[in-house]
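A quick note: this is a predicted structure, and the numbers were derived from the prediction, not measured.
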Amino acid sequence: MSTVMVRVPATSANLGPGFDTLGLALGLHDEVEARLTAEPGVRVAVEGEGAGELDLGEGHLIVTAMRRTFDRMGVPQPGGIEVRCRNVIPHARGLGSSSAAICAGILAARALAPEAARAATQERAAEPELTDDEVFRLATEMEGHPDNVAPCLAGGLTVAWTDHSGAPRMVKLVPDARIRPVVFVPSTRLATETARGLLPKDVPHKDASFNAGRAALLIAALTQRPDRGLLLAATEDRLHQSYRAPAMPRSADLVERLRAVGVPAVVSGAGPTVLAFSTPDSQDLIAPEVGNDWHIQLMDVDQVGAYVQFPETR
């Protein structure tokens with residue numbers, strides 16, 4: 001039977017002021033191989049991040065996403081599914097690992113749906129379809145908000161929102177290649193639900209206005225020129241990072257120290273990873289502020305997003 005391979009990038013959401021709207025695809029990828037089998041049951045193998053921790057059956061998030069996709073496409077659930085994951089995106093660190101798994105599962109199932117349909121009916125029929133917009137909508141439903149799934153699917157810098165009908169939308173932009181993200185990953189984890197639970201139900205109007213201006217400025221700063229001073233101003237935030245700081249004091253401290261020396265730094269997603277925007281004139285400023293207990297990675301922006309191919313036929 002056919003094997004589909006899906007390559008999905010890590011992502012960083014919010015980027016400071018763009019709470020639940022801005023996202024960036026990073027050059028760090030999980031790879032997932034999936035195929036349908038004649039043998040009933042679900043078998044999942046995990047290498048790298050999550051090995052020995054994740055469910056290896058129906059409870060695995062990729063399998064859940066595949067099942068949801070088959071249902072959405074009106075395809076009978078296949079009897080046997082085999083999934084192999086090679087994970088490098090850190091889990092529960094604010095780098096979009098759950099969004100990557102959801103997108104991988106949906107795209108794998110979409111690619112395998114014609115085979116599943118033929119196996120169920122034993123005849124050729126119109127192939128089931130799921131448009132890219134429908135993929136985005138299903139991924140958003142499963143994740144809860146679109147800011148991470150948008151860059152995971154599309155790559156680049158994305159602005160995501162929900163229209164009046166409740167459907168998620170996105171616009172993809174291309175950031176200046178001279179601006180490179182640097183991530184500082186701690187050994188500790190933080191559940192998104194915990195971080196989101198620290199946010200107040202209401203915020204002052206002046207803080208909302210402040211963030212709206214900074215988010216607009218950040219789009220210009222990331223796409224027009226690598227100006228460190230402009231990026232430093234554009235990454236200011238009053239909506240979420242200070243409220244979440246008690247749950248990740250080391251991350252908040254690192255952000256403060258980096259910004260104090262002029263490095264545009266923010267909490268990545270819900271944290272506790274810290275992301276900084278490196279420009280040609282700021283690279284020498286970063287290392288002195290970071291201790292040995294952070295895993296530091298200088299990355300490129302992934303401009304492609306999730307990638308699907310059929311590497312082999314079994």
Side-chain angles (χ1 to χ4, degrees), residues 6-26 61 64-66 68-69 71-74 94-111 113 128-176 179 181 192 196 199 203 208-224 234-235 237 239-240 266 268-270 275 301-308:
V6 187
R7 186 171 182 257
V8 284
T11 52
S12 181
N14 301 328
L15 307 181
F19 181 66
D20 278 1
T21 59
L22 297 184
L24 190 69
L26 304 174
L61 186 54
T64 300
M66 292 181 71
R68 288 276 297 269
T69 305
D71 285 342
R72 183 65 58 92
M73 297 180 73
L95 288 171
S97 60
S98 62
S99 292
I102 289 168
C103 292
I106 293 172
L107 293 174
R110 180 173 72 167
E129 294 184 354
L130 193 71
T131 67
D132 289 345
D133 285 344
E134 291 167 336
V135 167
F136 182 34
R137 183 162 194 158
L138 178 55
T140 300
E141 289 174 9
M142 292 192 66
E143 178 65 9
H145 35 84
D147 52 342
N148 276 113
V149 296
C152 185
L153 291 170
L157 170 67
T158 57
V159 184
W161 72 99
T162 303
D163 67 18
H164 293 295
S165 71
R169 301 291 184 217
M170 73 165 117
V171 171
K172 175 183 176 180
L173 303 169
V174 179
D176 191 300
I179 302 172
T192 300
R196 190 167 284 268
L199 300 178
V203 295
S209 176
F210 179 93
N211 268 55
R214 292 305 193 275
L217 180 61
L218 183 56
I219 297 297
L222 288 174
T223 58
Q224 293 185 7
T235 48
D237 160 68
L239 289 187
H240 65 103
V266 298
S268 178
L275 178 141
V301 174
D302 181 313
Q303 298 291 356
V304 177
Y307 176 76
V308 182

For A215, check side chain to side chain contact (heavy atoms under 4.5 Å, CB included) against everything at least two apart and list the hits. P17

Tell me the closest heavy-atom pair linking P9 and A306, and the distance in Å. CD-N, 3.9 Å

If the condition is ring pair (Phe, Tyr, Trp, His ring centres under 6.0 Å), which residues does F210 pass it with, not counting sequence neighbours? none

Should M142 and R68 count as side-chain neighbours, where that means a heavy-atom distance under 4.5 Å? yes

Provide the closest heavy-atom pair for S268 versus L95 in the form atom of the first, atom of the second, distance. OG-CD2, 3.6 Å

So, for T235 and L218, which heavy atoms are closest and what is the spacing to 0.1 Å? CG2-CD1, 3.9 Å

Atom CG of D71 and atom CE of M66: how far apart are they, to the nearest 0.5 Å? 12.0 Å

By salt bridge (charged side-chain N to carboxylate O under 4.0 Å, His left out), which residues pair with D237, not counting sequence neighbours? none

Of all residues at least two apart in sequence or in a different chain, which pass the side chain to side chain donor-acceptor pair (under 3.5 Å) check with S98? E143

Nearest-0.5 Å distance that lies between atom CG in L138 and atom CD1 in I106: 4.0 Å

Pair listing, salt bridge (Lys or Arg N to Asp or Glu O under 4.0 Å) test, anchored in residues 147-159, at least two apart: none

Using side chain to side chain donor-acceptor pair (under 3.5 Å) as the criterion, list what pairs up with D133, not counting sequence neighbours. none

Please enumerate all residues that pass side chain to side chain donor-acceptor pair (under 3.5 Å) together with E129, with sequence neighbours excluded. none

Which residue pairs pass the salt bridge (Lys or Arg N to Asp or Glu O under 4.0 Å) test with at least one member in residues 150-173, sequence neighbours excluded? D163-R169

Return the minimal non-hydrogen interatomic distance between I179 and A221, and the atom names on each side. CD1-O, 3.5 Å

Taking all atoms of both residues into account, what is the closest heavy-atom pair of H240 and G16, and its distance? NE2-O, 2.8 Å

What distance separates D20 CG from N14 CG, expressed to the nearest 0.5 Å? 6.0 Å

With the side chain counted from C-beta on, respond yes when T21 and W161 share a heavy-atom pair under 4.5 Å apart, and no when they do not. no

Nearest atoms (heavy-atom pairs only) where T69 meets A109: CB-CB, 3.6 Å

List the residues meeting side chain to side chain contact (heavy atoms under 4.5 Å, CB included) with P151, not counting sequence neighbours, and say none if there are none. T11, A25, T158

Separation between CG of L217 and CG of L222, rounded to the nearest 0.5 Å: 9.5 Å

Using side chain to side chain donor-acceptor pair (under 3.5 Å) as the criterion, list what pairs up with R137, not counting sequence neighbours. none

Supply the atom-to-atom distance L157 CG to D176 CG, rounded to the nearest 0.5 angstrom. 12.0 Å

Quick check for you: to the nearest 0.5 Å, what is the distance between R214 atom CZ and N211 atom CG? 8.5 Å

My understanding is that only residues two or more places apart in sequence, or in another chain, count here; which of them pass side chain to side chain contact (heavy atoms under 4.5 Å, CB included) with V301? L24, P175, P181, Q303

Residue list, salt bridge (charged side-chain N to carboxylate O under 4.0 Å, His left out) with D132, at least two apart or on another chain: R110

One pair to check against side chain to side chain contact (heavy atoms under 4.5 Å, CB included): D302 and L26. What are the steps and the verdict? CA-CA 5 Å; D302 181 313; L26 304 174; 6.0 Å; no

